[in-house]
Student: 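Have a look at this one before I ask anything.
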Protein chains: 2
Amino acid sequence: MKITYKGDYALKTILDLAGNFRSAPVAINDLSKRLDIPTKFLEQILLDLKRAGFVESRRGKIGGYSLAKEPAKITLGEVVRFIDGPIGPIACVDKQYSGCHDVESCVFRNIWSQVGNSISKIIDQVTFEDLLKRTNKANKTFNYQI
Amino acid sequence: MKITYKGDYALKTILDLAGNFRSAPVAINDLSKRLDIPTKFLEQILLDLKRAGFVESRRGKIGGYSLAKEPAKITLGEVVRFIDGPIGPIACVDKQYSGCHDVESCVFRNIWSQVGNSISKIIDQVTFEDLLKRTNKANKTFNYQI
DNA sequence: ATAATCTCTACTATGTTAGTAGAGTATACT
DNA sequence: AGTATACTCTACTAACATAGTAGAGATTAT
């Protein structure tokens, strides 16, 4: 697993929208400034997230993006997998890998599988509501109260 | 963490050499054929592994490579880190990451840290002797008996 | 109308990966 | 000595992924 900038940006964006759940939609521009993400890049990311059903949008003057589900119903794992692909540390765990003629008997495959499972165990349990709670100490850019 | 082909090849090579520990050195060509790794690529990998002290070499007619330490004294984690770099899923866990102005208070960083630790827990515990044992069922390309 | 905002496709610069190429050096054996 | 065998080292390259940029188009509130 490797978290790319795109993945990192996606997570931060969703967390922000989670904090503004049930409020007015947030404009790309606001998100871009607040989170320090290049606007045009963020546009693309948000479109992807929309197609995946994580967020919804509204066009026009008071348009913007908002979370499509409750923060408690989105896990870190879902988003990471969607943006950055499978969790396993090596392709052979997930799909065909040209370096392995003999995937079945490979001792390493077993290890990478364990690694994948142990990562999943963490990121599939954490929801954006959990993350929101952890952030809500001094930080008050959020409107949404859990 | 992402295991590249280079990393995958390095691990398979070391496992092979572990199976031939305390025997005659193995020629790159033999390793290359046996493990189905491009010869010239393997040359480079072996040089790297040599510089790191995992293997040692002997030139000339009966030359080749052999493991520099006992299989029980080399962990999977050491080799992976050396070839493919740090274990963490995102750069911010290990070093400066331009996407994070505020690394300290980042809720995600904490998660990635957990993920990194849980990966380490697995791969730093497994030695090449362990792997050898798991392979030694029907497979007998190995001379070294544990 | 028009200003603000999302939508969509295409393009590009940079870096990484997975090699290839070729000349050089050491050693065993005859 | 000479030669075959095998490691050593540096440089080059093709393909792909990442992290953006650019610009024209479609909606909506006022």
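We name chains A, B, ... by the order of the sequence lines, and we start the count at 1 in each one.
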Student: Parallel, tilted or perpendicular: which fits the ring planes of Tyr9(B) and Tyr5(B), with parallel below 30° and perpendicular above 60°?
Tutor: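 Tyr9(B) vs Tyr5(B) ring planes: perpendicular.
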Student: Sequence neighbours excluded, which residues qualify as side chain to side chain contact (heavy atoms under 4.5 Å, CB included) partners of Asn117(B)?
Tutor: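 Scan of Asn117(B) (side chain to side chain contact (heavy atoms under 4.5 Å, CB included), adjacent residues dropped) gives none.
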Student: Tell me: CG of Leu35(A) to P of dG20(D), nearest whole Å?
Tutor: 14 Å
Student: I need the CZ-P distance between Phe41(B) and dC9(D), as an integer number of Å.
Tutor: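 Answer to the nearest Å: 18 Å.
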Student: Counting only side-chain N and O atoms of Ser57(A), is one of them less than 4.0 Å from OP1 or OP2 of dT7(C)?
Tutor: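 Yes, Ser57(A) has a side-chain N/O under 4.0 Å of OP1/OP2 on dT7(C).
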Student: Using only side-chain N and O atoms of Tyr65(A), determine if any of them is under 4.0 Å from OP1 or OP2 of dT7(C).
Tutor: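 Tyr65(A) to dT7(C) OP1/OP2: side-chain N or O found under 4.0 Å.
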Student: Name the atoms and distances for all side-chain donor-acceptor pairs under 3.5 Å in residues 41-50 of chain A, with sequence neighbours left out.
Tutor:
residue  : atom : partner  : partner atom : Å
Glu43(A) : OE1  : Lys40(A) : NZ           : 3.3
Asp48(A) : OD2  : Lys6(A)  : NZ           : 2.9
Lys50(A) : NZ   : Ser57(A) : OG           : 3.0

Student: To the nearest Å, give me how far apart CG (Leu46(B)) and P (dG19(C)) are.
Tutor: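 Value for this atom pair: 15 Å.
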Student: Can you give one letter per nucleotide of nucleotides 8-14 of chain C, 5' to 3': B if a protein heavy atom sits under 4.0 Å from the base, S if only from the sugar-phosphate, - if neither?
Tutor: B-B----
Student: For the side chain of Asn110(A) and the backbone of Val107(A), is there at least one donor-acceptor N/O pair under 3.5 Å apart?
Tutor: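 A pair under 3.5 Å: no.
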Student: Under the side chain to side chain donor-acceptor pair (under 3.5 Å) test, which residues partner Ser32(A), sequence neighbours left out?
Tutor: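 Ser32(A) satisfies side chain to side chain donor-acceptor pair (under 3.5 Å) with Thr39(A) once adjacent residues are dropped.
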Student: What residues form a side chain to side chain contact (heavy atoms under 4.5 Å, CB included) with Gln125(A), not counting sequence neighbours?
Tutor: none
Student: Heavy atoms from C-beta onward define the side chain here; which of dT20(C), dT8(D), dG20(D) lies closest to that of Pro38(B)?
Tutor: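 Between dT20(C), dT8(D), dG20(D), the one nearest the side chain of Pro38(B) would be dT20(C).
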Student: When we call it a touch if two heavy atoms are under 4.0 Å apart, what does Val26(B) touch: a base, just sugar-phosphate, or nothing?
Tutor: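 The answer is sugar-phosphate, as Val26(B) gets under 4.0 Å only of primed atoms, P, OP1 or OP2.
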Student: Can you tell me how far P of dA18(C) sits from OH of Tyr9(B), to the nearest Å?
Tutor: 8 Å
Student: Which whole-number value in Å describes the distance from Ile62(B) CD1 to dC7(D) P?
Tutor: 12 Å
Student: Do any side-chain nitrogens or oxygens of Thr4(A) fall under 4.0 Å of OP1 or OP2 in dA17(D)?
Tutor: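 No, because none of the side-chain N or O atoms of Thr4(A) sits under 4.0 Å from OP1 or OP2 of dA17(D).
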Student: Within this structure, what is the NZ-to-C1' distance between Lys6(B) and dT20(C), rounded to whole angstrom?
Tutor: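 Taking atom C1' of dT20(C) as the reference, NZ of Lys6(B) is at 15 Å.
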Student: Going by salt bridge (Lys or Arg N to Asp or Glu O under 4.0 Å), name the pairs with one or both residues in residues 61-70 of chain A, residues two or more places apart or in two chains.
Tutor: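 For residues 61-70 of chain A: Lys69(A)-Glu78(A).
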Student: Using atom names, set out every protein N or O paired with an N or O of nucleotides 2-4 of chain D below 3.5 Å, distance rounded to 0.1 Å.
Tutor:
none

Student: In this structure, how many angstroms lie between the P atom of dT20(C) and the OH atom of Tyr5(B), rounded?
Tutor: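 Going from Tyr5(B) (OH) to dT20(C) (P), I get 13 Å.
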Student: For Asp124(A), which residues count as a side chain to side chain donor-acceptor pair (under 3.5 Å) partner, sequence neighbours excluded?
Tutor: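 Checked Asp124(A) against side chain to side chain donor-acceptor pair (under 3.5 Å); matches are Arg81(A).
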Student: Calculate the interatomic distance between Ile28(B) atom CD1 and dA6(D) atom C1'; express it in whole Å.
Tutor: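 In whole Å, dA6(D) C1' lies 8 Å from Ile28(B) CD1.
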Student: Considering only residues two or more places apart or on different chains, which pairs with a residue in residues 65-86 of chain B satisfy ring-ring contact (aromatic ring centres under 6.0 Å, His included)?
Tutor: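 Matches after skipping sequence neighbours: Phe54(B)-Phe82(B).
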